[in-house]
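Below: the structure, in structure tokens.
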Amino acid sequence: FKSFMSRWLFSVSHKDIGILYLSFALFAGLVGTSLSMFIRLELGLAGRGLLDGAGQLYNVIITGHGIIMLLFMVMPALFGGFGNWLVPIMIGAPDVAFPRLNNISFWLNPPAFFLLILSTLVEQGAGLGWTAYPPLSIQHSGAAVDLAILSLHLNGMSSILGSINLLVTVAGMRSAGMKANQIPLFVWSIVFTAILVILSVPVLAAALVMLLTDRNLNTAYFCESGDLVLYQHLFWFFGHPEVYILILPAFGIISHVVSFFSQKPVFGVTGMIAAMGAITTLGFIVWAHHMFTVGLDLDTIAYFTSATMIIAVPTGMKIFSWLATIYSGRTWFATPMLFALGFIALFTIGGVTGVVLANAGVDLLVHDTYYVVAHFHYVLSMGAVFGIFAGLYFWLSLMTGLSYNEARGQLHFYLLFIGVNLTFFPMHMLGLAGAPRRVFDHPDSFAGWNSLASYGSIISFLSVLLLAGPISLVPQHKDTVTPSTASSLEWLLPATPANHTFNQLPVLRTTIVH
């Protein structure tokens, strides 16, 4: 027991902490998915559904689902889990720069999650929506909102510390001879993500502190004589970079998976790095496209519309580079590659609806309808989540020494693919027909698309339960030969690498093959 505690509770090994993050994300993901099932079962039929018309409870579930999926599932999996586990190995470092800081970064998350769950259980729960707009978030009675705010503070603290740690690691602990253009794309994606976190999360923290004092100390930042729109500016200055924080590590994973299974290097690596850099920069100057309905003046609207469209350029560049890699490769369609292809196809659809929504005129019509919900679930529920699954199937054997059953993995992919599309494609139709978000009932005219979406969600839910199926809980007895298509350092190691992988920094030498 003592050794178990010292290994997992007081862990300073980046690999063990990565596994902890992934396990935590799996647990939070199951909770968040269960909440989304409550939403779909309420909306599946017009009239009183599963929640018997309890509107406040419905909004509490919406809020919990949003915050849990974004901040306690996708971020811990992609940034905390894969980021911690892979970055030191890929740059040839023995561990992260500050191993004990890494420990506290992880252990801030379970109490944050506990506080969020607690907030749903005290009094009426926090029925705010994940954005927590005032005046509702200030007038909302009870301690629930204060608990949720504290939860977000702890989570943000964890993200910031983890980001500082990984940035210092990459800046100062690379192996000898690893130049900027030789850093693997996944590591680059984590670097840009860390920059986004460090610059945007403190702004959210500031907004939340002001919300807290407005609620409890009679200040008037946002309510009374204050400015409601100011909160939206602060929130979205964090909120928009946040969505790039969620997707950039998935971009990195997809680059590695596509390269590996196409058996060639990624097409245009320098362009890929530059594209991520451009997305990181532009991600900070498009935030008000979430606020087209608040009465911005025409010049502001014109700017934010065009800036948002420009951010589609580097993103499209990445899509075409992945397609070029696949096109010219000898492609091998294993489960991780299927998830990567699913990612490329569905993320592109989500990107196209994003460009549609960038037009302020269109956005005025479909703001706060299911069209927006469809858009961000295509980029998150099928972008970020497919990225997580691609990474899990790809690196699981390396991380745990366990293999997976290929046929079951493919079944998992196809079932999830059908499920998420059946769930979220109808929402485009609902949105164009004017169905508003965060409403627990709908007129009969919306019943058809809603029931279809609810059937789809049941399929997705079953496919996630199938995730347990593919993993064979038997160690692999494979020879530990580096796969010939490997392009990064982690494949040079045996499965479940030693605690300190490179006690002596490896040296990279560039060889020219004639």
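Only this structure's heavy atoms are used, side chains among them; waters, hydrogens and symmetry mates stay out.
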>> For F386, run the side-chain contact (heavy atoms from CB on, under 4.5 Å) check against L341, V420, I254 and tell me which one passes.
In response: V420
> Can any side-chain N or O of T308 pair as donor or acceptor with the backbone N or O of F304 at less than 3.5 Å?
Replying inline: yes
For residues 44-53, run the donor-acceptor check on the side chains, cut-off 3.5 Å, and write out each pair with its distance to 0.1 Å, sequence neighbours left out.
unit_1: R48; atom_1: NH1; unit_2: D52; atom_2: OD1; d: 3.4

> Of T33, L465, L416, which is the lone residue that meets side-chain contact (heavy atoms from CB on, under 4.5 Å) with S460?
Replying inline: L416
Identify each donor-acceptor pair in which a side-chain atom of residues 274-286 lies under 3.5 Å from a protein atom, sequence neighbours left out, and give them as a table.
unit_1: T280; atom_1: OG1; unit_2: M276; atom_2: O; d: 2.7
unit_1: T281; atom_1: OG1; unit_2: G277; atom_2: O; d: 2.8

> ring-ring contact (aromatic ring centres under 6.0 Å, His included) with F425: which residues, sequence neighbours excluded?
Replying inline: H428
>> Tell me which pairs pass ring-ring contact (aromatic ring centres under 6.0 Å, His included) where either residue lies in residues 141-166, with sequence neighbours left out.
In response: none
> Excluding sequence neighbours, so at least two apart, what forms ring-ring contact (aromatic ring centres under 6.0 Å, His included) with H412?
Replying inline: F339, F389, Y393
>> Can you give me the closest heavy-atom contact between A250 and G383, atom names plus distance?
In response: CB-O, 4.5 Å
> Is there a donor-acceptor contact under 3.5 Å linking the side chains of Y378 and N421?
Replying inline: yes
>> My understanding is that only one of Y244, W236, Y303, F237 makes a ring pair (Phe, Tyr, Trp, His ring centres under 6.0 Å) with W287; could you say which?
In response: F237
> What residue among C223, P134, S137 forms side-chain contact (heavy atoms from CB on, under 4.5 Å) with Y231?
Replying inline: P134
> Does the gap between the ring centers of F113 and F27 come in under 6.0 Å?
Replying inline: yes
> Can you name the residues that form a side-chain contact (heavy atoms from CB on, under 4.5 Å) with F98, not counting sequence neighbours?
Replying inline: L101, N165, V168
>> List the residues meeting side-chain contact (heavy atoms from CB on, under 4.5 Å) with T293, not counting sequence neighbours, and say none if there are none.
In response: L364, H367
>> Tell me every residue that passes ring-ring contact (aromatic ring centres under 6.0 Å, His included) with W130, counting only those two or more places apart in sequence or in another chain.
In response: F235
> Looking at V379 and I247, what are the two nearest heavy atoms and their distance?
Replying inline: O-CD1, 3.5 Å
> What distance do I344 atom CD1 and I349 atom CD1 have between them, rounded to the nearest 0.5 Å?
Replying inline: 12.5 Å
>> Taking G448's backbone N and O only, do any of them form a donor-acceptor pair with S451's side chain (distance below 3.5 Å, no angle check)?
In response: yes
> Quick one: does Q56's side chain have a donor or acceptor within less than 3.5 Å of a partner on Q124's backbone?
Replying inline: yes
>> Tell me whether S463 contacts the main-chain N or O of L415 through its side chain, where contact means a donor paired with an acceptor under 3.5 Å.
In response: no
>> For the backbone of L43 and the side chain of H442, can you confirm whether one donor and one acceptor N or O come within less than 3.5 Å of each other?
In response: yes
>> Using a 3.5 Å distance criterion without hydrogens, assess whether the side chain of D227 forms a donor-acceptor pair with backbone atoms of V229.
In response: yes
> Which pair of non-hydrogen atoms, one from P99 and one from A97, has the smallest distance, and what is that distance?
Replying inline: CD-O, 3.4 Å
> Would a distance-only check, ignoring hydrogens and angles, find a side-chain to backbone donor-acceptor pair under 3.5 Å from N450 to F446?
Replying inline: yes
>> For M75 versus S159, what's the shortest heavy-atom pair and its separation?
In response: CE-OG, 3.5 Å
> Which side-chain hydrogen bond (donor to acceptor under 3.5 Å, both in side chains) pairs, counting each pair once, include a residue from residues 59-76, with sequence neighbours left out?
Replying inline: none
> Taking the side chain from N103 and the backbone from L9, do they hold a donor-acceptor pair closer than 3.5 Å?
Replying inline: yes
For residues 185-195, which side-chain donor-acceptor pairs fall under 3.5 Å, sequence neighbours excluded?
unit_1: W188; atom_1: NE1; unit_2: A180; atom_2: O; d: 3.0
unit_1: S189; atom_1: OG; unit_2: F186; atom_2: O; d: 2.6
unit_1: T193; atom_1: OG1; unit_2: S189; atom_2: O; d: 2.6

>> Restricting to side-chain contact (heavy atoms from CB on, under 4.5 Å), what partner residues turn up for L365, sequence neighbours left out?
In response: none
> Which pairs count as side-chain hydrogen bond (donor to acceptor under 3.5 Å, both in side chains) when at least one residue sits in residues 104-118, sequence neighbours excluded?
Replying inline: N109-N155, N109-S158
> Do the two ring centres, one from F347 and one from F251, sit under 6.0 Å apart?
Replying inline: yes
> Donor-acceptor pair, H140 side chain versus V145 backbone, under 3.5 Å?
Replying inline: no
> What's the shortest heavy-atom distance between A148 and L116, and which atoms?
Replying inline: CB-CD1, 4.2 Å
> So, do H375 and F424 sit near enough that their side-chain heavy atoms are less than 4.5 Å apart?
Replying inline: no
>> Looking only at side-chain N and O atoms, does T219 offer a donor or acceptor that is under 3.5 Å from a partner on D214?
In response: yes
>> Closer than 3.5 angstrom, by distance alone: can the side chain of R40 be matched with the main-chain N or O of T423 as a donor-acceptor pair?
In response: no
